[in-house]
Amino acid sequence: MNDALRAADRDRDEVLDLLREHYAQGRLTMEEFDERSTAATSARTLGDLRALTADLPVAAAPREPAWSAARMRWIGLAGVAALATVVLAGVAVAGHFKFAFPVWLIVLVAVRRAHGGRRIPRTRRAR
């Protein structure tokens with residue numbers, strides 16, 4: 001960017017927020033924060049604002065989540081399936097196997113719903 005461009009109120013506010021953050025993290029003393037914030041409110045150009053934060057580290061970009069939403073959905077589904085399997089095994093061991101059927105039906109419906117109710121497309125064979 002051109003340092004000679006005039007600064008907008010939004011630009012000044014962004015620099016003030018950045019200065020507050022660096023003051024809160026202990027990178028600036030109270031006197032430095034006061035001097036720089038006063039200079040930021042009276043800055044006329046982007047170059048003036050950039051000079052106020054030139055010796056401060058740039059904030060890191062926000063991290064992406066470790067797992068995607070789809071992966072989290074499948075992990076949750078695996079937990080439900082594991083729980084249902086434990087319940088089914090417990091019911092079967094107790095001798096009430098006829099009560100185990102609804103548990104498997106619930107698991108199958110949950111898998112179908114988690115998959116979005118979509119069928120996996122079949123590929124056509126060449127004849």
Side-chain angles (χ1 to χ4, degrees):
M1 272 191 160
N2 189 354
D3 286 345
L5 290 177
R6 301 284 284 191
D9 288 338
R10 187 175 115 203
D11 299 325
R12 291 183 196 93
D13 290 340
E14 287 176 5
V15 170
L16 286 171
D17 289 341
L18 185 65
L19 290 173
R20 279 188 207 102
E21 181 64 29
H22 286 292
Y23 172 69
Q25 293 178 2
R27 291 190 182 100
L28 296 173
T29 64
M30 178 61 100
E31 294 80 23
E32 289 174 321
F33 174 72
D34 286 339
E35 290 172 12
R36 292 183 190 208
S37 59
T38 303
T41 56
S42 62
R44 293 191 178 182
T45 64
L46 293 177
D48 295 339
L49 291 175
R50 195 166 289 120
L52 296 172
T53 60
D55 62 339
L56 299 173
V58 178
R63 292 184 183 183
E64 293 182 16
W67 290 336
S68 66
R71 178 172 279 186
M72 291 300 293
R73 195 169 36 246
W74 281 108
I75 289 172
L77 182 63
V80 169
L83 180 65
T85 302
V86 168
V87 169
L88 176 65
V91 169
V93 168
H96 303 287
F97 192 74
K98 62 183 176 184
F99 297 119
F101 174 71
V103 175
W104 280 112
L105 186 60
I106 292 169
V107 170
L108 291 176
V109 169
V111 168
R112 176 92 174 178
R113 296 281 289 165
H115 195 275
R118 298 182 308 260
R119 291 183 181 223
I120 299 173
R122 295 183 185 179
T123 57
R124 294 186 180 204
R125 294 182 193 175
R127 292 185 186 195

Peer 1: For Arg10, is there an ion pair with Asp13 - N to carboxylate O distance below 4.0 angstrom?
Peer 2: no
Peer 1: How long is the straight-line distance from CG of Leu46 back to CG of Asn2, given to the nearest 0.5 Å?
Peer 2: 8.0 Å
Peer 1: Find the distance between OG1 (Thr45) and CZ (Arg6) and round it off to the nearest 0.5 Å.
Peer 2: 8.0 Å
Peer 1: Run Arg36 and Asp55 through salt bridge (Lys or Arg N to Asp or Glu O under 4.0 Å) and show every step you take.
Peer 2: CA-CA 12 Å; Arg36 292 183 190 208; Asp55 62 339; 2.8 Å; yes
Peer 1: Return the minimal non-hydrogen interatomic distance between Ala40 and Leu19, and the atom names on each side.
Peer 2: CB-CD1, 4.4 Å
Peer 1: When hydrophobic residues are tied together by side-chain contacts of less than 4.5 Å, even through go-betweens, does Tyr23 share a cluster with Leu52?
Peer 2: yes
Peer 1: Are Phe33 and Val15 connected, step by step, through hydrophobic side chains (Ile, Leu, Val, Met, Phe, Trp, Tyr) whose heavy atoms are closer than 4.5 Å?
Peer 2: yes
Peer 1: Working to the nearest 0.5 Å, report the span between CG of Leu18 and OG of Ser37.
Peer 2: 12.5 Å
Peer 1: Has the side chain of Arg12 got a donor or acceptor atom that lies under 3.5 Å from a matching backbone atom of Ser42?
Peer 2: no
Peer 1: Just how far is it from atom NE2 of His22 to atom CG of Asp17, taken to the nearest 0.5 Å?
Peer 2: 11.0 Å
Peer 1: Distance-only, no hydrogens or angles: does the Asp34 side chain make a donor-acceptor pair with backbone N or O of Glu31 under 3.5 Å?
Peer 2: no
Peer 1: Measuring from Arg44:CZ to Leu5:CG, what's the distance to the nearest 0.5 Å?
Peer 2: 15.5 Å
Peer 1: Does the Thr53 side chain pair with the main chain of Leu56, one donor and one acceptor, at a distance under 3.5 Å?
Peer 2: no
Peer 1: So which heavy atom on Ala43 is nearest to which on Asp48, and how close?
Peer 2: CB-CB, 3.8 Å
Peer 1: Do any N or O atoms from the side chain of Glu32 and from the backbone of Thr29 form a donor-acceptor pair under 3.5 angstrom?
Peer 2: yes
